[in-house]
Number of protein chains: 2
Amino acid sequence: MKKTPPAPAAAPRPRPRARAEGGVTLQDVARLAGVSPMSASRALNTPARVSQDILQRVQEAVARTGYVRNSLAGALASRRSRLVAALVPNVAGPVFQDLIQALIAALGSAGYQLILAQSGYGVLPDDLLNAVLGQRPDGLVLAGVVPSAQGRQRLQSAGLPVVETWDMVAEPVDMLVGFSHEQIAGAVATHLIADGRRQLAFVGGEHARAQRRARSFVSAALDKRRTARGHADAVAVESVPAPADVRSGRDALARILARQPKTDAVFCSSDLLALGVVTEAQARGIRIPEQLAVVGFGDLSFAADVLPALTTVRIDSAAIGATAARFIVERAEGRPVAATTVDVGFSIVTRDTA
Amino acid sequence: MKKTPPAPAAAPRPRPRARAEGGVTLQDVARLAGVSPMSASRALNTPARVSQDILQRVQEAVARTGYVRNSLAGALASRRSRLVAALVPNVAGPVFQDLIQALIAALGSAGYQLILAQSGYGVLPDDLLNAVLGQRPDGLVLAGVVPSAQGRQRLQSAGLPVVETWDMVAEPVDMLVGFSHEQIAGAVATHLIADGRRQLAFVGGEHARAQRRARSFVSAALDKRRTARGHADAVAVESVPAPADVRSGRDALARILARQPKTDAVFCSSDLLALGVVTEAQARGIRIPEQLAVVGFGDLSFAADVLPALTTVRIDSAAIGATAARFIVERAEGRPVAATTVDVGFSIVTRDTA
DNA sequence: CTGTTAGCGCGTTCAT
DNA sequence: ATGAACGCGCTAACAG
């Protein structure tokens with residue numbers, strides 16, 4: 001049986017949703033200014049494209065009403081959220097701070113905001129990624145690279161600008177701003193060997209990236225053809241649990257000396273670890289750098305100012321952050337990005353410990 | 001003249017907007033599952049309220065299509081963004097890291113995400129606040145309190161849950177999870193005076209909050225009725241520019257000794273500064289703690305493991321973050337929050353430097 | 001330069 | 001337990 005179409009007057013239309021309490025909308029502003037909502041929108045977003053008159057009236061109405069833009073609605077309509085998500089293994093560590101800081105600064109001045117999520121060191125959890133992508137960010141910055149082929153696949157099919165950082169890989173998901181851990185390991189090994197060190201050690205985290213660094217360091221140090229000055233006789237590797245801190249560094253040196261008593265140089269994957277190694281050496285009366293050379297990583301703010309001053313590998317994380325932000329913004333605004341892979345390099349800052 | 005209504009067939013209707021390329025919507029999922037969009041929505045958000053059959057079909061369709069929720073649209077419709085914004089004076093400093101970490105963790109497990117913005121130490125910039133509020137966060141967490149009455153006003157009229165942290169004030173904007181810098185200053189002063197110190201010094205940042213701490217410390221230390229053990233003879237105050245780091249601490253001690261050569265105790269507003277003071281003292285052959293006592297702030301991860309181990313004020317920032325997150329979430333879900341102000345207290349961790 | 005129309009993708013509200 | 005209709009607040013696309 002066909003349903004009788006209800007008479008218009010009798011139509012049981014659902015009661016309109018209650019308006020938000022204090023919510024001033026762009027319509028309210030437009031009404032007060034005596035213009036169309038669209039003109040109000042333009043006055044706020046592309047002021048160059050409206051007349052002085054309208055611009056002024058809208059601005060006045062905004063001031064009077066205390067209007068605050070609803071970016072959610074704008075994002076839905078324009079398909080651009082002006083949000084960028086950063087996925088960082090560990091927010092608390094000092095390592096990625098400058099990166100985050102640079103990201104926030106560069107994005108902020110371009111009108112974008114940062115969603116910060118913590119990914120852990122292992123495989124990127126699927127539900128975290130979903131939660132992040134659900135916000136429809138205009139771009140994704142990863143502190144690190146995506147290890148699994150599956151994760152790469154997912155990110156690529158997400159169809160948004162992605163910048164991996166903090167590493168160099170042959171096949172990035174999309175864009176890449178980083179440096180080569182292998183090169184660094186090689187350079188540090190060469191530096192130490194040239195200094196006459198033969199019993200080397202490496203201290204780093206337990207996660208995959210740190211393990212890769214360890215391997216690079218070992219093979220560079222033992223490589224008989226690497227340098228004219230010779231090569232290492234032995235390289236001990238110690239892993240420490242995250243977060244890498246001073247305590248871990250102290251413990252690691254203790255273990256290294258137990259296993260390889262004549263160790264004369266240690267390369268640490270973080271300045272905090274290096275400070276720990278130095279401290280433990282001091283506690284044991286080991287002279288630095290005479291008996292033991294120590295090289296850190298990161299050139300954290302304290303590295304230059306502790307005693308002895310830390311020799312370390314310096315990375316320009318601020319440049320990484322700024323470049324990553326620029327890449328994301330360029331792509332989000334539809335402009336092409338010239339270089340899709342950037343190696344920001346590194347430098348060894350020679351101070352007192354090596 | 002009245003406009004002729006165009007014949008329906010001739011109506012020049014604008015071409016519908018192009019659909020997003022890869023955008024799978026909930027409708028697509030529903031269609032594939034053979035249910036209404038509404039049922040698909042329920043299957044994802046309140047699975048308890050749909051039949052097993054529908055639930056399964058929807059889940060299958062989601063898996064097949066690779067559907068990713070559009071939280072923007074959801075937020076617009078439901079008026080709940082599941083976003084929480086954190087405003088931090090300085091992202092790069094180590095001070096607020098544990099707080100941010102705890103926030104991300106607690107919010108994440110409740111299904112919320114974090115927008116991180118950097119506010120600087122001064123007055124909260126109006127356009128930053130607008131940008132943040134434009135995302136319609138379900139709550140705001142401030143690292144610090146709002147100094148200006150005007151800022152308080154704005155936040156209150158924004159009508160969202162606000163948690164201030166890291167301080168205690170008489171009239172918070174809304175909720176407050178912090179500790180009393182005055183109490184800490186008093187406790188440290190008492191501690192040092194009881195230890196026989198009489199020529200005190202304070203090292204802190206240049207911003208208003210640090211200045212308040214300095215004043216509290218000075219008045220507590222000089223207060224003749226404060227402790228049975230006596231009171232300080234003099235208190236020097238040194239300000240350092242942000243960010244407070246080891247270098248600043250070293251320089252500050254140098255200036256203090258120039259002005260007040262017999263200084264026998266220094267209270268630093270950050271462990272990094274304290275490490276700098278200790279380092280500079282060592283460089284000058286000043287024995288710690290015999291000639292100079294040093295107290296830091298924060299109990300950062302290295303404090304216990306450097307030599308000498310830092311005596312410091314410990315704050316449970318993880319608890320602050322977790323509590324703040326809980327408050328926001330409770331309020332966002334419409335549940336009342338029992339206590340609106342929480343003092344998490346502090347403790348003085350006595351190690352080797354005082 | 002300005003206004004009109006339509007719809008972004010979802011959840012609320014009501015009805016069944 | 002399920003579905004239909006509507007609109008959250010804004011901007012793209014077009015017409016003038």
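Below, chain A is the first sequence line, B the second, and so on; all start at residue 1.
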I'd like to know if Arg79(A) reaches the base of dG7(C) with its side chain, counting only an N/O donor and acceptor under 3.5 Å. no
The complete set of salt bridge (Lys or Arg N to Asp or Glu O under 4.0 Å) pairs with one or both residues in residues 98-109 of chain A, sequence neighbours excluded, reads none
Any Leu72(A) side-chain heavy atom under 4.5 Å of Gln135(B) side chain: yes
Closest approach to the side chain of Ser39(A), judged atom by atom: which nucleotide of dA13(D), dC8(C), dT2(C) is it? dT2(C)
Do the side chain of Arg42(A) and the base of dG3(C) come within less than 3.5 angstrom through a donor-acceptor pair of N or O atoms? yes
Which of residues 51-74 of chain A sit near DNA chain C, with a heavy atom under 4.0 Å from it? Ser51(A), Ile54(A)
Can you find a heavy atom in the side chain of Leu133(B) that is under 4.5 Å from one in the side chain of Arg154(B)? yes
Between P on dG9(D) and CG on Leu44(A), what's the gap in Å once rounded to a whole number? 16 Å
For Arg136(B) and for Gly34(B), locate the closest nucleotide of DNA chain D by heavy-atom distance; then report the residue assigned to the nucleotide nearer the 5' terminus. Gly34(B)
Ranking dG9(D), dC10(C), dA12(D) by distance to the side chain of Met38(A), first place goes to dA12(D)
Please examine the side chains of Asp138(B) and Ser81(B), heavy atoms only from C-beta on, and report whether any two atoms are closer than 4.5 Å. yes
Gln27(A) CD to dG7(D) C1': how many Å, rounded? 12 Å
From Val162(A), Val145(A), Thr165(A), Val342(A), residue fulfilling side chain to side chain contact (heavy atoms under 4.5 Å, CB included) relative to Leu176(A): Val145(A)
Pairs involving residues 65-77 of chain B, ordered by first then second residue, that meet salt bridge (Lys or Arg N to Asp or Glu O under 4.0 Å) (sequence neighbours left out): none
Side-chain N or O of Ser36(B) versus OP1/OP2 of dG3(D): is the shortest distance under 4.0 Å? yes
Return the value, rounded to whole Å, for the distance between atom CG of Leu26(A) and atom P of dA12(D). 12 Å
Round to a whole Å and report the spacing from CZ of Arg49(A) to C1' of dG3(C). 16 Å
Whole-Å distance separating the CZ atom of Arg31(B) from the P atom of dG3(D): 14 Å
Spacing between Arg80(B) atom CZ and dG9(D) atom P, to the nearest angstrom: 16 Å
To the nearest angstrom, the CG-P distance between Leu76(A) and dA6(C) comes to 18 Å
Neighbour count >12 (heavy atoms, 6.0 Å) for atom CD, Glu171(B): no
